[in-house]
Amino acid sequence: MTRGRSRLAVRGELRVPGDKSVSHRALMFGCLADGTTTVRGILRSADIESTAGALRALGWPVPALAPELMVPGSGLSHLPSPISQLDCGNSGTSTRLLMGLVAGYPVKATFTGDESLSRRPMRRVAKPLVDMGARITIHGDRDGLPLTVEGGGLRALDWTLETPSAQVKSALLIAGVTGGVAVVIREPAPTRDHTERMLRSQGAAIDVGSGMIVLDPPTRLDPLNITVPGDPSSAAFFAALAAMADVGSVTIRDVGLNPGRCGFIAVLRRMGARVDIVDRNDAGPEPLGDLVVRPVHLSGTVIDGDEVPSLIDELPVLACVAARASGETIIAGAAELRVKESDRIGAVVANLRAIGVDVDETPDGMRIRGTRAPLSGRIDTHGDHRLAMAFGVLGATAQADLQVDRPECVAVSYPDFWRDLAHVAS
Ligand code: S3P
């Protein structure tokens with residue numbers, strides 16, 4: 001996939017595809033609204049197709065994904081199909097948020113997914129939904145899919161999250177919305193708040209403060225009219241690439257700057273990278289701006305604590321940046337990485353080691369000693385899109401010759417990733 005080059009020059013500008021988290025929510029909340037929602041720039045990728053397909057199976061007339069999409073909302077009192085099979089593919093966000101959505105209605109849905117999704121923990125969502133009154137059956141002998149949610153007759157919930165998770169938080173808020181009951185959530189650390197912002201822009205009463213989110217159930221939701229910002233998790237690959245380059249700069253236009261997503265910018269800056277935010281726009285529900293990133297000398301850093309949820313999906317690429325920084329980088333407090341699309345701690349450590357990086361695995365992270373020495377070898381992505389892109393970027397740097405297996409797995413979140421990488425790197 002990549003070829004060894006003696007020096008990496010980056011140039012030009014690009015627009016990364018629409019934010020995945022915002023795109024999932026725009027489809028779901030569009031269906032629940034009274035009236036037609038307009039979504040510009042929705043992400044067109046396998047994960048968003050999973051949400052669109054599941055909503056169609058539930059009976060909502062979601063049109064084919066298009067650059068300007070009109071979603072006809074049916075209102076909160078519309079009942080989805082009484083029995084459905086929802087294939088969520090590789091998408092944890094589709095599964096967990098839709099479990100909450102289904103729980104609010106007197107209907108029954110069975111969730112399935114691919115091998116990776118079937119292994120991911122679902123009890124963290126099932127437990128509080130059962131507390132609200134939903135009936136949930138996990139069919140296998142381990143926590144995961146397939147599972148069946150039988151919803152309806154919910155009661156109010158006051159729940160403290162065991163681990164910070166925007167997916168669990170969102171699932172419970174959505175159950176409150178569709179079930180018409182109050183929900184209080186206590187978060188151990190802040191997580192991305194797209195759900196809160198979107199529901200508030202639709203007229204719902206959501207109070208946030210002191211680690212607590214309080215939803216007063218709305219009786220209706222206004223339709224949305226939104227432009228989806230560029231996905232910061234996709235932009236992070238190009239910011240990392242530019243930071244590791246030898247010369248040039250990359251401009252990434254209209255990137256979402258939700259504070260719950262921007263931890264990677266702080267970390268790259270701490271490592272010494274020059275990351276400028278220009279043309280910041282705070283007018284809409286989600287802040288956005290252009291990122292301009294230039295190469296510099298990079299040093300190791302420590303990533304830990306409350307910062308972790310704000311960069312959880314960016315840790316694989318930050319680990320790759322650490323492999324090219326001077327000194328040691330410590331990643332800690334990130335045990336959640338083990339239950340993503342792959343065990344991202346085990347897989348990142350094994351791949352870095354296989355290509356010649358000195359790295360230790362810890363239960364909740366890793367310690368990486370950076371090197372300028374040539375790196376070479378085959379990358380086992382486990383079909384995980386973020387591993388493919390992280391090592392794709394590392395493989396584009398000077399003195400690196402990496403063969404990324406199953407490169408097509410980027411289709412989950414960024415189908416044109418390899419084209420865009422070739423566009424900015426030479
Ligand atoms: C997401 C939340 C995060 C993130 C995932 C998308 C979301 O998961 O890793 O890619 O859209 O809410 P967790 O909430 O499980 O940490």
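Hydrogens, waters and symmetry mates play no part in the numbers below; they use all other heavy atoms, side chains included. Residues: numbered from 1 along the sequence shown. In each ligand, atom 1 is the first atom listed, and ligand 1 is the first ligand listed.
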In terms of residue, atom name and distance, what is the protein heavy atom nearest to atom 11 (O) of ligand 1?
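The closest heavy atom on the protein side is Ser21 OG, 2.7 Å.
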Please write down residue, atom name and distance for the protein heavy atom closest to atom 15 (O) of ligand 1.
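Protein heavy atom at minimum distance: Ser165 OG, 3.3 Å.
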Take atom CZ in Arg367; do more than 12 heavy atoms of anything else shown fall under 6.0 Å from it?
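Not more than 12 within 6.0 Å, no.
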Mind checking whether [X] has an N or O less than 3.5 Å away from an N or O of ligand 1?
| X | result |
| --- | --- |
| Asp313 | yes |
| Ala166 | yes |
| Glu336 | no |

Which of these, Lys340, Lys20, Arg25, His194, has its nearest heavy atom closest to atom 13 (P) of ligand 1?
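That would be Lys340.
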May I ask which of Arg120, Gln167, Glu314 has a heavy atom nearer to atom 6 (C) of ligand 1 than the others do?
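The nearest heavy atom belongs to Gln167.
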Would you find a donor on one side and an acceptor on the other, under 3.5 Å apart, between the side chain of Ser118 and the backbone of Gly113?
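The answer is yes, because a donor-acceptor pair under 3.5 Å joins these two groups.
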Which segment of Lys169 sits under 4.0 Å of ligand 1 when only heavy atoms are counted
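Neither part.
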Side-chain ion pair, Lys340 and Asp384, N-O less than 4.0 Å:
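Not counted as a salt bridge, because no side-chain N and carboxylate O are separated by less than 4.0 Å.
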Using a strict cut-off of less than 4.0 Å between a Lys/Arg side-chain nitrogen and an Asp/Glu carboxylate oxygen, indicate whether Glu13 and Arg253 qualify as a salt bridge.
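Here Glu13 pairs with Arg253 in a salt bridge, since their nearest N and O are under 4.0 Å apart.
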Can you see whether Glu314 engages Ser233 through a side-chain donor-acceptor pair at a distance of less than 3.5 angstrom?
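Their side chains do contain a donor-acceptor pair, which is all the 3.5 Å distance test asks for.
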Which atoms of ligand 1 sit under 4.0 Å from any heavy atom of Thr93?
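Those atoms are 6 (C), 11 (O).
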Just which atoms of ligand 1 are under 4.0 Å from any heavy atom in Ile312?
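Every atom of ligand 1 under 4.0 Å from some heavy atom of Ile312: 9 (O).
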What pair of heavy atoms forms the shortest contact from Leu387 to Asp380, and how long is it?
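Scanning both residues completely, I find the closest heavy atoms to be CD1-O, 4.5 Å.
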In this structure, which one of Val278, Leu257, Val16 forms a side chain to side chain contact (heavy atoms under 4.5 Å, CB included) with Leu291?
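One option only clears the test, and that one is Leu257.
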